[in-house]
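The sequence lines fix the lettering, A, B, ..., with proteins before strands; numbering per chain opens at 1. Just so you know, these numbers come straight off a predicted model, no measurement behind them.
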Amino acid sequence: MPEMPEVETVRRGLNEIADGQQIIGIDVNYGKTIENDVEGFREALVGQTIEHVDRRGKYLLFRFSNHLTMISHLRMEGSYFKQKTGMPVDKHTHVIFHFKNGTDLCYRDTRKFGRMRLVTTGEEMNYGGLRTIGPEPTEQDFKLDYFERILHKSRGKIKPFLLNQSHVAGLGNIYCDEVLWMSKINPEQAANTLTHEQAKTLRENIIKEIATATEHKGTTVHTYKNAFGDAGGFQDYLKAYDHGGEKCPRCGTKMVKIKVAQRGTTYCPHCQELIEK
DNA sequence: GCCAATGTTGACGC
DNA sequence: AGCGTCAACATTGG
């Protein structure tokens, strides 16, 4: 369940249950989840205490007492949950952190795409997508002049542009369709043809949408229950995503679902008419 | 059986 | 170099 509002919701949940907890053992049931050598990972963390969990874009950053940081990315279906030590886990639970207080922090991921990597704190920005990650989608970090500058350099369509985390962090397929619908911009419009007004509107909608979805603890679709973040309620407010074939809430035209950059994409052909240039 | 699913990345081409 | 495209990763559900 992983766009930024969902990851932020998970982060808040983790801070309630994992902050200050000492790890006394780790079970790894699927080795590929851990990008480090699994034995080294275990040895480095057993005995350590989780001080806090931070977030950058869709990446969770577990801060440990001994100057270590665990980068955790949930990808498509990763989730965390807590239970009492000794309770059984199913076959999709790949990593279990045993806490000294008699609880387990479990990582579950049906598609096995999620990854964890242990690095020295301060070095995390040198790994994976964090190397090139763009600004957080906030008023302070995501400036209009920056957005317009990179839009004009682009050679592609606006939707894949927004999905690229090096342009702006945090948007995924759901919120991308939503902000384009809100902004009345066709997902296939060339990014470098957006007008000043369109760029301004789109930026404001991105900031607003991510904040509002986070307030609602994110969106839950096609996923399971009982995991952090899955208490999300924002699915009730989605206008475009998952509404293909239904009437546009703004104009009543039938919404269309197409494929853009290999991702399902829903939009209103009337409100979001494609402007060629 | 076929396709699609809240994501990222490495390989390849221009 | 940098950007865009697309297959691959693995599993489940319609």
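For Y59(A) and Y127(A), the ring centers sit 6.0 Å or farther from each other.
The stretch residues 154-175 of chain A comes close to DNA chain B through Q165(A), G172(A), N173(A), I174(A), each having a heavy atom under 4.0 Å from the strand.
Here Y59(A) lies in heavy-atom contact (under 4.0 Å) with sugar-phosphate atoms only. Contact annotation for G114(A): no contact, since no heavy-atom pair falls under 4.0 Å across all strands.
Look at the P atom in both dT12(C) and dT8(B): the space between them is 22 Å, to the nearest Å.
Under the 4.5 Å side-chain criterion, counting only non-hydrogen atoms from C-beta, F62(A) is in contact with L105(A). For the pair T33(A)/D109(A), no side-chain contact is recorded, criterion being any heavy-atom separation below 4.5 Å from C-beta on. Looking at E6(A) and T219(A), their side chains come closer than 4.5 Å, going by heavy atoms from C-beta outward.
Counting only distance, with no hydrogens or angles, the side chain of Q198(A) and the backbone of T195(A) share a donor-acceptor pair below 3.5 Å. E178(A) places a side-chain N or O within donor-acceptor distance of the main-chain N or O of K239(A), the cut-off being under 3.5 Å. For the pair Q22(A) (side chain) and G47(A) (backbone), a donor-acceptor distance under 3.5 Å is present.
Atom-to-atom, NZ of K58(A) to C1' of dT9(B) comes out at 13 Å; the value is rounded to the nearest Å. In this structure, M76(A) atom CE and dT12(C) atom C1' are separated by 12 Å, rounded to whole Å. When the P atom of dT9(B) is taken as reference, atom CD1 of I71(A) falls 11 Å away, rounded to whole Å. Atom pair D242(A):CG and dA5(B):C1' shows a separation of 10 Å (rounding to whole Å applied). The separation between H94(A) atom NE2 and dA10(C) atom P is 11 Å, rounded to whole Å.
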Using Watson-Crick and G-U wobble pairs whose two distances are both under 3.5 Å, how do you write the pairing of DNA chain B as dot-bracket, with | for links to another strand? .||||.||||||||
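Close to dA10(C), at under 4.0 Å from its OP1 or OP2, lies no side-chain N or O of H92(A).
For residues 148-161 of chain A, every residue pair satisfying the side-chain hydrogen bond (donor to acceptor under 3.5 Å, both in side chains) rule, not counting sequence neighbours, is listed here: E148(A)-H196(A), K157(A)-E188(A), K159(A)-N173(A), K159(A)-D177(A), K159(A)-T265(A). Identified under the ring-ring contact (aromatic ring centres under 6.0 Å, His included) test for residues 33-53 of chain A, with sequence neighbours left out: none.
Projected onto DNA chain B by closest heavy-atom contact, R263(A) and R131(A) fall at different nucleotides, the more 5' of which corresponds to R263(A).
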N/O contacts under 3.5 Å, protein versus nucleotides 1-4 of chain B?
none

Under 3.5 Å, which protein N or O atoms sit close to an N or O of nucleotides 6-9 of chain C? Give each pair with its distance.
from, atom 1, to, atom 2, distance (Å)
dA7(C), N7, Q262(A), OE1, 3.1
dA7(C), N6, Q262(A), NE2, 3.2

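When R131(A), R56(A), R63(A) are each tested for a salt bridge (Lys or Arg N to Asp or Glu O under 4.0 Å) with E124(A), only one passes: R63(A).
Taking the side chain of K112(A) as heavy atoms from C-beta on, and the options dG7(B), dA10(C), dT12(C), the nearest nucleotide is dA10(C).
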